[in-house]
Amino acid sequence: MATLHEPKQDRSRATRQRLLEATIDCLAQTGWAAATVAVVAERAGVSRGAAQHHFPTREDLITAALEYMFDSRTEQAKEEAAQVRAADGVSRTEAVVAGLVESYTDPLFKAALQVWTHAAADPALRERIVPLEARFGRVSHRRAIEALGVDDGDPVTHHLVQATLDLARGLGLADVLTDDSVRRKAIVHQWAVTLHAALNAPRESA
């Protein structure tokens, strides 16, 4: 009996994924105002009724899209991690920094930025987004620690990695309106050298 339901379940999953991907595209390309359920449904090639069956409200759709964005980026980061582990020394550190910065300059970040900006002035949406952002931040930090192969129990290391994530986010913001890739590449290289030296510097004993 289960097999009789699989095609319908598969179609439902495919429809849901199309809606989430269309939401991300709308947010990244045309901004928050244009990312309505009706516009997203049209872009996804499904009826508005079908869209609302999966996501009864716009907030449900946007929240699910953010989670989908983060899950997609996490999977991509896992694939990148294998390449990073093949490097060592400052080359590994630079590869990690470059990967983190790239995650804040791709279309997924630009889509998320639209949501964060709107949530700042929308208490109901902010209530949904703040816990997600906190979880995203924790996972991003842990991913960076693992990629660098360092001990997060050391307070200096913890703050250095957090500063790297903050730098990556700032460089992502600088890339929103204009192409900042040339300057960004130089900053990534210099920070990677600085970070590598700081992570490997002797710590003063307590």
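- Under the salt bridge (Lys or Arg N to Asp or Glu O under 4.0 Å) criterion, D71 pairs with no residue at all, not counting sequence neighbours.
- Taking each heavy atom of V37 and A51 in turn, the nearest pair found is CG1-CB, 3.9 Å.
- Using a 30° and 60° split on the angle between ring planes, F70 and F136 fall in the parallel class, below 30°.
- Formation of a donor-acceptor pair under 3.5 Å by the R184 side chain with backbone atoms of A174 is not found in this model.
- Smallest separation of non-hydrogen atoms from G89 and H196: C-CE1, 3.3 Å.
- The environment of E127 atom CD is sparse: at most 12 non-hydrogen atoms of other residues, nucleotides or ligands sit within 6.0 angstrom.
- Without hydrogens or angle criteria, K110 side chain to T105 main chain gives a donor-acceptor distance under 3.5 Å.
- In this structure, Y68 is not a member of the same hydrophobic cluster as V39, with clusters built from ILVMFWY side-chain heavy atoms closer than 4.5 Å.
- When hydrophobic residues (I, L, V, M, F, W, Y) are linked wherever their side-chain heavy atoms come within less than 4.5 Å, the members clustered with V193 are V90.
- Under a 4.0 Å N-O distance rule, the pair D60/R128 qualifies as a salt bridge.
- Separating the CH2 atom in W191 from the CD atom in E94 is a distance of 13.5 Å, to the nearest 0.5 Å.
- Note: the hydrophobic cluster containing I62 does not contain V130 (ILVMFWY, side chain heavy atoms under 4.5 Å, direct or indirect links).
- When all heavy atoms of T93 and A192 are compared, the closest pair comes out as CG2-O, 3.6 Å.
- A donor-acceptor distance shorter than 3.5 angstrom exists from the side chain of D175 to the backbone of D180, with no hydrogens or angles considered.
- Considering only heavy atoms from C-beta on, L19 comes within 4.5 Å of F55 through its side chain.
- Donor-acceptor pairing under 3.5 Å is recorded for the side chains of Q29 and R43.
- For the 3.5 Å distance criterion, the side chains of W32 and T117 fail to qualify, holding no donor opposite an acceptor.
- Here the closest non-hydrogen pair linking C26 and V40 is SG-CG2, 4.1 Å.
- In summary, R142 and D152 do not engage in a salt bridge, as defined by a charged side-chain N under 4.0 Å from a carboxylate O.
- No path of Ile, Leu, Val, Met, Phe, Trp and Tyr side chains, each step under 4.5 Å between heavy atoms, connects L177 with V182, placing them in separate hydrophobic clusters.
- Side chains of L27 and L113 form no contact here, defined as non-hydrogen atoms less than 4.5 Å apart.
- The two residues T23 and A65 have their closest heavy-atom pair at CG2-CB, 3.7 Å.
- No more than 12 heavy atoms of other residues, nucleotides or ligands shown are found within 6.0 angstrom of CD on E42.
- Scanning both residues, A28 and P107, for their nearest heavy atoms gives CB-O, 3.6 Å.
- Under the 4.5 Å side-chain criterion, counting only non-hydrogen atoms from C-beta, V188 is not in contact with L167.
- Side-chain atoms of D151 and H158 form no donor-acceptor pair, as typed in the model, at a separation below 3.5 Å.
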